[in-house]
Amino acid sequence: MTTQQETLTDGNALKQFLVLAKSSKGRAIVSIIEKALNHPSVFVFGELLDMPNVQQLKETEFKNYYDLLLIFAYGSFIDYKNKKDSLPQLTPQMITKLKQLTIVFLSSTSNVIPYSVLQEQIEITNVRELEDLIIDSIYQNIIKGKLDQKNKHLEIDFSIGRDVQPEQLDSMINCLNNWSSTSQKLLDDISGLITHSDKVHLQYRKEKEEFESKFEHAKSNTKNDSPAEQLYYDSMEYSDEVRMKKGPKIKGKDYSKRP
């Protein structure tokens, strides 16, 4: 079953816009971008950004819409504010979404985000307004975590994934390779421990079988002994005598001497 978190990032909600973008150009593409940015379930934009007709916007009068889409795919609210004069105006829905994406971005750098950092990055001075935005993001399954109102920070347990920039791929591949190497080393260590454990177990079984064989042999050699001697072997168990000879002396009757 698909979870709501997966729905936000699996690209299904974006597919309708990808289909339309294949046969649209110019102003029609701009309209598609606006609808995608306003859509409540679209939080990844990389596929739309890579569409040839969208890429062509860079060479037209609508380049600012391409730049806006670029910020929603990879950037943050501060990025938009720094280029605000050359970008289209955001709708209230776009503003909220970009602020939520900024929280997701910050969660990738730390799982504990101070209120002060959030307020600076998404330009919200009112703490109650900030907490409302965070709570809405949690209910929408954009993030999972909890507010620490006493210490004034957000603790992140989970956040949705965002688009990955091409220049980030090498870093991600290196990170995955390091993880793979570490995991392989851990598996090798576990395998070595299992092998050692098997050897110890087999050695224990071998020694146990040898001991039982010697014990039975010793008992069989007592058939001609006196009844008292036979009782000694039957009641004290020959293994006890062996342990007593190897271990510390016990005060009291000395059972190491045969009757």
Side-chain angles (χ1 to χ4, degrees), residues 2-109 118 121-124 133 136-137 139-143 158-176:
T2 303
T3 64
Q4 187 172 350
Q5 297 100 312
E6 292 171 338
T7 300
L8 296 176
T9 57
D10 63 8
N12 285 330
L14 187 65
K15 286 181 180 178
Q16 57 183 308
F17 303 112
L18 299 178
V19 172
L20 293 172
K22 288 181 179 179
S23 57
S24 303
K25 292 186 178 182
R27 169 53 67 179
I29 285 286
V30 168
S31 177
I32 292 170
I33 291 174
E34 289 176 329
K35 290 177 180 178
L37 296 181
N38 279 297
H39 196 284
S41 297
V42 177
F43 280 81
V44 290
F45 306 93
E47 288 184 88
L48 182 59
L49 191 66
D50 289 339
M51 295 288 292
N53 290 347
V54 174
Q55 289 289 318
Q56 289 177 4
L57 292 179
K58 292 187 289 186
E59 310 300 329
T60 69
E61 60 185 298
F62 302 114
K63 180 181 180 300
N64 55 346
Y65 279 91
Y66 173 84
D67 293 336
L68 180 64
L69 184 60
L70 197 67
I71 288 176
F72 271 80
Y74 307 126
S76 65
F77 189 73
I78 288 294
D79 294 328
Y80 173 79
K81 295 294 291 186
N82 291 337
K83 301 177 181 179
K84 181 180 178 180
D85 293 340
S86 61
L87 295 172
Q89 185 174 354
L90 299 181
T91 65
Q93 293 88 346
M94 290 181 189
I95 291 174
T96 298
K97 181 181 289 188
L98 189 53
K99 288 182 177 181
Q100 290 174 324
L101 287 170
T102 301
I103 295 175
V104 172
F105 166 74
L106 292 172
S107 72
S108 68
T109 62
L118 290 166
Q121 291 295 315
I122 59 182
E123 294 192 354
I124 294 180
L133 177 66
D136 287 342
S137 300
Y139 278 125
Q140 290 178 250
N141 286 303
I142 296 169
I143 60 172
F158 162 88
S159 66
I160 61 172
R162 292 194 67 184
D163 295 294
V164 178
Q165 300 185 60
E167 55 267 27
Q168 293 177 309
L169 291 177
D170 288 341
S171 176
M172 290 189 67
I173 291 172
N174 288 334
C175 182
L176 290 172

Given the rule in the side chain to side chain contact (heavy atoms under 4.5 Å, CB included) test, do V54 and F45 qualify, once you have shown the distances and angles that lead to the verdict? CA-CA 11 Å; V54 174; F45 306 93; over 6 Å; no
Can I71 and L98 be said to form a side chain to side chain contact (heavy atoms under 4.5 Å, CB included), step by step? CA-CA 9 Å; I71 288 176; L98 189 53; 4.1 Å; yes
Assess the residue pair L90 and L68 against the criterion (side chain to side chain contact (heavy atoms under 4.5 Å, CB included)); give the C-alpha distance rounded to whole Å, side-chain angles, the decisive distance to 0.1 Å, and a yes or no. CA-CA 9 Å; L90 299 181; L68 180 64; 3.6 Å; yes
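Between F105 and Q121, every side-chain heavy-atom pair lies at or beyond the 4.5 Å cut-off. The shortest distance between side-chain heavy atoms of R27 and V30 falls below 4.5 Å. A heavy-atom distance below 4.5 Å is not found between the side chains of D67 and S86. With contacts defined as side-chain heavy-atom distances shorter than 4.5 Å, the pair I122/L106 does not qualify. Between Q16 and K35, every side-chain heavy-atom pair lies at or beyond the 4.5 Å cut-off. Using a 4.5 Å cut-off on side-chain heavy atoms (C-beta onward), F77 and I124 make no contact. For the pair L133 and I103, the minimum side-chain heavy-atom distance is below 4.5 Å. Between K97 and V42 the shortest side-chain heavy-atom distance falls below 4.5 Å.
How far CG of D79 is from CG of L101: 11.5 Å, rounded to the nearest 0.5 Å. Atom NZ of residue K83 and atom CG of residue L70 lie 7.0 Å apart, to the nearest 0.5 angstrom. Separating the CD atom in Q56 from the CD1 atom in I29 is a distance of 8.5 Å, to the nearest 0.5 Å. To the nearest 0.5 angstrom, Q89 atom CD is 7.5 Å from K84 atom NZ. Atom NZ of residue K22 and atom CG of residue L20 lie 10.5 Å apart, to the nearest 0.5 angstrom. Note that CD of Q93 and CG of L37 are 11.0 Å apart. Values are rounded to the nearest 0.5 Å.
At distances below 3.5 Å, at least one donor-acceptor pair connects side-chain atoms of N53 with backbone N or O atoms of A21. Using modelled atom types, one side-chain atom of T60 and one backbone atom of L57 make a donor-acceptor pair closer than 3.5 Å. Looking at R162, its side chain never comes within 3.5 Å of a backbone N or O of F43 through a donor-acceptor pair.
Nearest heavy atom pair, residue S159 against residue I143, reads CB-CG2, 3.9 Å. The two atoms that bring I32 and S24 nearest to each other are CD1-OG, 3.6 Å, heavy atoms only. The two atoms that bring L49 and A73 nearest to each other are CD2-CB, 4.3 Å, heavy atoms only. The minimum heavy-atom distance linking L48 with A36 is given by the pair CD2-CB, 4.0 Å. When every heavy atom of N38 is checked against every heavy atom of M94, the shortest pair comes out as ND2-CE, 3.2 Å. The shortest heavy-atom contact between L14 and E47 is CD2-CB, 4.1 Å.
Of the residues listed (I142, I160, I95), the one engaging Q100 in a side chain to side chain contact (heavy atoms under 4.5 Å, CB included) is I142, and it is the only one.
For the residue pair Y65 and E34, a side-chain donor N or O sits within less than 3.5 Å of a side-chain acceptor on the partner.
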